[in-house]
Amino acid sequence: MTNPRTVLMQARQGPVPENWRVFTKKRRKVSGFLSGTSDDPDPLLVITPDEVIEYKNERKPLTIVNFCDLAAIKLNATAIAGWSACRRVVGAWTILP
């Protein structure tokens, strides 16, 4: 098993091994009584063959799920499509026993 911080750093800098999946999105500007933008790196989810690592921000601990510790994983998904072809809502989540 690799150090989770090392995995995140490699995912941010690229390239990553073919069997990794990396998901990220740009962090929005902070509004309200806070001004400016957050200095935290963008949120990041990395799925490797051995584990899943999620980074939200510097104030929250990393979420790490090692696959060898799991007995089973159940994937659920829902989809909502309205009259408008422009809008689709898809949700997916896992249940980790």
Side-chain angles (χ1 to χ4, degrees):
M1 180 176 15
T2 309
N3 179 322
R5 294 276 177 193
T6 304
V7 170
L8 292 173
M9 186 173 60
Q10 184 175 352
R12 285 191 200 293
Q13 295 174 352
V16 298
E18 283 185 22
N19 57 359
W20 288 19
R21 297 296 174 258
V22 178
F23 304 92
T24 189
K25 71 177 199 176
K26 294 290 181 192
R27 189 174 299 281
R28 293 183 173 183
K29 290 184 178 182
V30 178
S31 61
F33 64 92
L34 300 172
S35 60
T37 59
S38 175
D39 290 330
D40 290 342
D42 294 333
L44 189 62
L45 177 70
V46 181
I47 302 172
T48 72
D50 301 320
E51 62 194 349
V52 174
I53 304 168
E54 180 187 34
Y55 169 85
K56 291 182 183 176
N57 62 46
E58 289 299 323
R59 285 176 256 133
K60 297 187 191 254
L62 293 178
T63 302
I64 303 166
V65 177
N66 293 307
F67 294 138
C68 64
D69 296 337
L70 300 176
I73 298 175
K74 182 178 180 182
L75 177 65
N76 293 318
T78 60
I80 301 169
W83 290 99
S84 171
C86 298
R87 185 163 192 255
R88 301 270 193 280
V89 178
V90 177
W93 63 96
T94 57
I95 299 172
L96 306 173

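Atoms considered below: every heavy atom in the structure, side chains included; atoms not considered: hydrogens, waters and symmetry mates.
Between Glu51 and Ile64, the shortest heavy-atom contact is OE1-CG2, 3.9 Å. What you find for Val16 and Ala11 is that their closest heavy atoms are CG1-CA, 3.6 Å.
A distance of 10.0 Å separates CG in Leu44 from CG in Leu62, rounded to the nearest 0.5 Å. To the nearest 0.5 angstrom, Glu18 atom CD is 8.5 Å from Arg21 atom CZ.
A donor-acceptor pair under 3.5 Å is formed between the side chain of Asn3 and the backbone N or O of Arg5. Of the possible donor and acceptor atoms, one in the side chain of Asn57 sits under 3.5 Å from a partner among the backbone N and O of Lys60. No donor-acceptor distance shorter than 3.5 angstrom exists from the side chain of Arg59 to the backbone of Lys56, with no hydrogens or angles considered.
Contact check for Leu45 versus Tyr55: no side-chain heavy atoms found under the 4.5 Å cut-off. For the pair Val52 and Phe67, the minimum side-chain heavy-atom distance is below 4.5 Å. Side-chain contact check for Ile47 versus Ile53: every heavy-atom pair is 4.5 Å or farther apart. Looking at Arg12 and Val22, their side chains never come closer than 4.5 Å, going by heavy atoms from C-beta outward. Contact of the Phe23 side chain with the Pro43 side chain is not registered, since no non-hydrogen atoms from C-beta on lie closer than 4.5 Å. Counting heavy atoms from C-beta on, the side chains of Pro15 and Gln10 never come closer than 4.5 Å.
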